[in-house]
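Here's the structure, in structure tokens; my notes come after.
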Amino acid sequence: MEENQEKVVAMPRIGDPAPAFKAITTQGDINFPADYKGDWVILFSHPADFTPVCTSEFMTFATMEEKFAKANCKLVGLSIDGLYSHIAWLRTIKEKIEYKGMKDVEVNFPLIEDITMDVATMYGMIQPGESSTKAVRAVFFIDPKGMIRAIIYYPLSLGRNFDELYRALIAMKAADEFGIATPADWRPGDDVIMGPAGSCGAAKDRMDGKEEELDCKDWFFCTKKLDKDKVLKAILKK
Ligand code: BEZ
């Protein structure tokens, strides 16, 4: 390759199977995504161990791990640091860091060591315009069949909103379960969106009020009620 010529890396896309890899983690070896078949999994990267924004993120995510587990979703972290750095950082978090009422926080989900950057490169987590020595804050939502369903990227300086990650997970599970879509800022209990009418006849029927459960603002914009308890019962473990 000529000097100054940037290597082009194909990044995984929504709808692709999650690229497979084996890795060493703080919870032992993993075979990804095979070990997670049947569960949702969030694979996320952070720039570096022993950095403050990442520390605030890990404390927040670890505190919410059980909530994600109830939604049948496991968490897997990654940075291009080594295993002993990961172990030392997670020990420091538990022993010394108190932040926003969180303390004594134990990170029980696996954190991948990726000093070779193999996994980070495969998942497009190294974005040289931002940094060529640190992963950006990437989030991959992978469904129980091992397919990538959503991807979010944040720059190094911006800590993620973990309530939004949970909201996105629940919304995708509701969409799968009930064959609906979810509008802006949707949360369980809010009205959901029906796909647009697929024919002139269906559009007319909708506007003539033939689908009684629908509330149509126009032929292409119809909502319907979806009971909060029904949603939660369908997508959360008991
Ligand atoms: C942080 O996690 O604090 C951080 C990491 C890399 C660059 C900037 C901030």
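Indexing begins at 1, ligand by ligand and atom by atom, following the structure's order. Treat the numbers as computed from the prediction; the structure is a model and nothing was measured. What you see below is based on every heavy atom in this structure, not just the backbone, and it leaves out hydrogens, waters and symmetry mates.
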- Item | CD (Glu95) with more than 12 external heavy atoms under 6.0 Å | yes

- Contact partition for Glu130 relative to ligand 1, non-hydrogen atoms under 4.0 Å: neither

- Between Phe44 and Phe109, does the ring centre distance come in under 6.0 Å? yes

- Note on the structure: Counting from 1 in the order shown, the ligand 1 atoms closer than 4.0 Å to a non-hydrogen atom of Cys54 are 1 (C), 2 (O)

- Note on the structure: Closest to atom 5 (C) of ligand 1 (heavy atoms only, candidates Val136, Thr51, Asp49) is Thr51

- Query: How about His86 and Asp81: does a side-chain donor come under 3.5 Å of a side-chain acceptor?
  - Reply: no

- Item | Shortest protein heavy-atom distance from atom 3 (O) of ligand 1, along with the residue and atom involved | Val53 N, 2.7 Å

- Is the distance between the ring centroids of Phe68 and Trp40 under 6.0 Å? no

- Note on the structure: Numbered in order shown, the ligand 1 atoms found under 4.0 Å of a heavy atom of Arg137 are 1 (C), 2 (O), 4 (C), 5 (C)

- Query: What's the shortest heavy-atom distance between Pro183 and Arg167, and which atoms?
  - Reply: O-NH1, 4.5 Å

- Query: Of the non-hydrogen atoms in Tyr154 and Val136, which two are nearest, and what is the gap between them?
  - Reply: O-CB, 3.6 Å

- Message: With a cutoff of 4.0 Å, is Pro52 in contact with ligand 1, counting heavy atoms of the residue only?
- Response: yes

- Task: Among all protein heavy atoms, pick out the one at the shortest distance from atom 9 (C) of ligand 1; state its residue, atom name and that distance to 0.1 Å.
- Result: Leu156 O, 3.9 Å

- Query: What part of Pro47, side chain, backbone, both or neither, has a heavy atom within less than 4.0 angstrom of ligand 1?
  - Reply: side chain

